[in-house]
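All heavy atoms count here, side chains included; hydrogens, waters and symmetry mates do not.
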Amino acid sequence: MAYWLMKSEPDVFGIDDLQRAGVEPWDGVRNYQVRNMIRDRMQVGDLAFFYHSNCPVPGIVGIMRICRAGYPDQSAFDPQHRSFDPKSEPANPRWYCVDVEFVTKFRGVISLAWLKRQPQMAECPLVQRGNRLSIMPLTEAQWNFISDHSQWR
DNA sequence: GCCAACGTTGGC
DNA sequence: GCCAACGTTGGC
């Protein structure tokens, strides 16, 4: 089983939206490095932290579970969708998504500012300069370090 | 709202 | 294949 961190802007789709929906496609990824992870590496049963980006307190707000492995991102085919990409065709899809299901919402935010101060997180792309991955793998040690901070949950 | 960092595009 | 221009991400 693998561990992930997945970013979303709460103004667009936040942890509360996922809690309401239960299960949602994690669509709209338009970065090839991230596409490859979705398509080739994410498996049913993997766990992921839900990260709120581009908001007053960016950070980890909960946990979700991958409940469907990579499949073609339907939003790329829809001209009305904000993530529409005319270069992706159903016969030859360019973009992929997974389905995620809600597991837990933390009582507080495990903020990026706090994560940056933890030596255990120094190797995580999240805290490194210029990182632009909207989905990134975490080591088991990083996952356990964060989830063991139960005072946040 | 600003802007650094980085990815993509397209002319040549 | 180079690289300038442009678009996007996302913290602050």
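- Hydrophobic cluster membership of A/Y71, counting Ile, Leu, Val, Met, Phe, Trp and Tyr whose side-chain heavy atoms lie under 4.5 Å apart directly or via other members: none, as it forms a cluster of its own.
- Ring-plane geometry between A/W26 and A/F50 is classed as perpendicular, the angle between the planes exceeding 60 degrees on a 0 to 90 degree scale with a lower cut at 30.
- Counting only residues at least two apart or on different chains, no salt bridge (Lys or Arg N to Asp or Glu O under 4.0 Å) pair has a member in residues 119-137 of chain A.
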Determine all donor-acceptor pairs shorter than 3.5 Å in which one atom belongs to a side chain in residues 51-61 of chain A; sequence neighbours excluded.
| from | atom 1 | to | atom 2 | distance (Å) |
| --- | --- | --- | --- | --- |
| A/H52 | NE2 | A/I15 | N | 3.0 |
| A/N54 | ND2 | A/E9 | OE1 | 3.4 |

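- With 3.5 Å as the limit, one finds no donor-acceptor pair spanning the side chains of A/R30 and A/S88.
- In this structure, A/N54 and A/K87 both approach DNA chain B, and ranking their closest nucleotides by distance from the 5' end singles out A/N54.
- Put simply, the side chain of A/D73 gets close to the backbone of A/G28: a donor and an acceptor are under 3.5 Å apart.
- A/H149 and A/W114 have perpendicular rings, their planes meeting at more than 60° on a 0 to 90° scale where under 30° would count as parallel.
- Connectivity analysis of hydrophobic side chains (ILVMFWY, heavy atoms under 4.5 Å, direct or indirect) links A/Y32 to A/W95.
- On the nucleic acid side, DNA chain C contacts chain A at distances under 4.0 Å to non-hydrogen atoms, with the end points of that region at C/dG7 to C/dC12.
- Residues from residues 123-138 of chain A with heavy atoms under 4.0 angstrom of DNA chain B, sorted by number: A/R129, A/G130, A/R132.
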